[in-house]
Participant: 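Below are the structure tokens for one structure; questions will follow.
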Amino acid sequence: MTPQDRRFTDSGIEIESTYGPESLEGWDPATDLGRPGEYPFTRGVHPQMYRDRLWTMRQYSGFGTAEQTNERFKFLLERGQTGLSVAFDLPTQMGYDSDHPRAEGEVGGTGVAISTVEDMEILLKGIPLDFVSTSMTINATAPILLLAYELVAERNGVAADRIRGTVQNDILKEYSARGTYIFPPRPSMRLVTDLFAYCQKQIPRWNVISISGYHMREAGCTAVQEVAFTLANAIAYVSAALDAGVPLDALARRISFFFACHMNFFEEIAKFRAARRMWARIMKERFGAMEEASWLRFHTQTGGATLTAQQPENNIVRTAYEALAAVLGGTQSLHTNSFDEALSLPTEKAAKIALRTQQVLGFETGVGDTVDPLGGSWFVERLTNEIEGQAEELLGRIDAMGGAVAAIEAGWVKRQIEESAYRMQQEIEDQRKVVVGVNRFAEPNDQAPIARPDPGAMASHTARLARVKATRHPDAVAASLDRVRTVASGSGNLLYPIREALSVSATLGEICDVLREVFGVYQPRESF
């Protein structure tokens, strides 16, 4: 075989021309594969998987004002979406109110602007919170947004033990990839585990963390790195929770994961299977969790980095294949990206096509009629084993550095991602990796419609924020923020004073300013 005939996955795993029983030497189906719904969960976390119930179709939505996003939520629910997923704008993610000078030009641009409980109330108006589960992609300000959601449910007569959903609450990957951190890693980990403990007592049906490989993959890491770095972060969270006194088996049932699904079809399927098996063994062997508490439940989002601004309708095809790979890999919920997201916020038409993509997949193709239909494939099982082996090697390197937090503080994880992103971009520019419509089969661009926030609507949003600040009781707000400061400076669970502050109309930005004062602001190391 000549060098140009050799084929590789996106992670650099060499692909042979054919596979057979000899490709799985040393592989034991009894211990490595098992049955669906049984340890080590390689074949899925439920015995019947989609035969009992299809995955949750959870489209990620959020833009402009709470009113505009509420309309989009209702539009999608009326067309068959089965769960909400909230995107927040950058000021909200970074702990700034919409009227802060640093928020100028960013309010409502990449998600919905939420500064107060009143904003959250409008966002959720008319949504049956005791029926619909809600996922919130929020990290540094996760405790504040979750508590605002709980207060809104309470105002609508829905008890906290009846609301369901997931808060991402995964701050570690922000230091390596996404960048929406506020505080240094260690006080940020305190906020994470305080949320764990609070939910165990107050919101028991809530998934307390969605440990995300998605954003690291979007930043440029490989499938193997996505598995290793995500599980390394998960190990750090479980260790921190145990140190904080959170019971292991109760915590394990409330942990979820969030992965990307990119275009290398079989590698992505094998990635999900490998991650599931690895996590089961980590929980049992490292932490002593019961087998039934060691399953890896995950949400998948199709690739954003794989979308192209050129010939954007091609993205419908890309998203459909990525969605199929996620389902064949056993995802529990799925977001399919809209074809125009490389250009702008999704238009209503594009959002509907993205949802219909899932519905066609779920109801017309028969893909859910049997569990793990690719299980036992020599190729898929070999890829699963190779991804697991290489990811284990990376986990070993991270362990040797002192764990995920130490590796992040040293800048090592970020460097690994940046180097992988650089290699992939070189392959595209050299045409070793084909992207249809970009470096092959290119044509003059067709301009798709672009959605942008309505400036008039944004003005009404900031006016509402001004009214809240003008009509609340300033002494009560000041006293509540002092209690946040006291607990942050000492010990105790921060979510209780934060909830009190929100209940008297303290804003997200004001609470974060107190925490910035106590914890400081993280200053990253240079990668190179």
Participant: Distance alone, cut at 3.5 Å: any donor-acceptor contact between the side chains of Gln359 and Arg356?
Facilitator: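 Yes, Arg356 and Gln359 have a side-chain donor paired with an acceptor closer than 3.5 Å.
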Participant: Among Phe298, Trp279, Trp295, find the one that has a ring pair (Phe, Tyr, Trp, His ring centres under 6.0 Å) with Phe257.
Facilitator: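 Single pass found, and it is Trp279.
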Participant: Would you please name every residue forming a side chain to side chain donor-acceptor pair (under 3.5 Å) with Asp97, sequence neighbours left out?
Facilitator: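 Asp97 satisfies side chain to side chain donor-acceptor pair (under 3.5 Å) with Thr507 only.
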Participant: State, without any angle test, whether Arg423 and Ser420 hold a side-chain donor-acceptor pair at a distance under 3.5 Å.
Facilitator: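 Distance-only check passes for Arg423 and Ser420.
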Participant: From Thr319 OG1 over to Gln301 CD, what is the distance, rounded to the nearest 0.5 angstrom?
Facilitator: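 Reported to 0.5 Å precision, the distance equals 9.5 Å.
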Participant: Does atom NZ (Lys349) have a neighbourhood of more than 12 heavy atoms from anything else shown, all under 6.0 Å?
Facilitator: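 For Lys349, atom NZ is not crowded (no more than 12 foreign heavy atoms under 6.0 Å).
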Participant: Kindly say whether Asp369 contributes a backbone atom to a donor-acceptor pair with the side chain of Arg51 at under 3.5 angstrom?
Facilitator: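 Side chain of Arg51 to backbone of Asp369, a donor-acceptor pair under 3.5 Å: yes, one is there.
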Participant: Show, in sequence, the C-alpha distance, side-chain angles and deciding distance for Thr308 and Arg318, and conclude whether the side-chain hydrogen bond (donor to acceptor under 3.5 Å, both in side chains) test is met.
Facilitator: CA-CA 10 Å; Thr308 64; Arg318 292 186 177 100; 3.2 Å; yes
Participant: If I take atom CZ from residue Phe258 and atom NZ from residue Lys173, how far apart are they, to the nearest 0.5 angstrom?
Facilitator: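 Between Phe258 CZ and Lys173 NZ, I get 8.5 Å after rounding to 0.5 Å.
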Participant: State which residue, out of Glu118, Glu121, Glu67, fulfils the salt bridge (charged side-chain N to carboxylate O under 4.0 Å, His left out) condition with Arg464.
Facilitator: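 So the option named by the test is Glu67.
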Participant: Under a 3.5 Å distance rule, please check whether Asp340 uses its side chain to pair with a backbone N or O of Leu343 as donor and acceptor.
Facilitator: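 The answer is no, because no donor-acceptor pair under 3.5 Å joins these two groups.
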Participant: Look at the side chain of Asn139 and the backbone N and O of Asp170, then say whether any donor-acceptor pair between them is shorter than 3.5 Å.
Facilitator: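 The answer is yes, because a donor-acceptor pair under 3.5 Å joins these two groups.
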Participant: Can you establish whether the number of heavy atoms outside Arg432 located under 6.0 Å from its atom CZ is more than 12?
Facilitator: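 Check passes, neighbour count above 12.
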Participant: Check whether more than 12 heavy atoms from other residues, nucleotides or ligands sit under 6.0 Å from atom CZ of Arg516, and answer yes or no.
Facilitator: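 Check passes, neighbour count above 12.
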Participant: I need the minimum non-hydrogen distance between Ser188 and Phe183, along with the two atoms involved.
Facilitator: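 Nearest pair, atom of Ser188 first, then Phe183: OG-O, 3.2 Å.
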Participant: State which residue, out of Leu296, Asn385, Ile282, fulfils the side chain to side chain contact (heavy atoms under 4.5 Å, CB included) condition with Arg277.
Facilitator: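 Going through Leu296, Asn385, Ile282 one by one, the side chain to side chain contact (heavy atoms under 4.5 Å, CB included) with Arg277 is satisfied by Asn385 alone.
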Participant: Got a second to check how far Leu76's CG is from Gln59's CD, nearest 0.5 Å?
Facilitator: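 Here the interatomic distance stands at 6.5 Å.
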Participant: Are any side-chain N or O atoms of Glu106 and backbone N or O atoms of Leu90, one a donor and one an acceptor, separated by less than 3.5 Å?
Facilitator: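 Answer holds: no.
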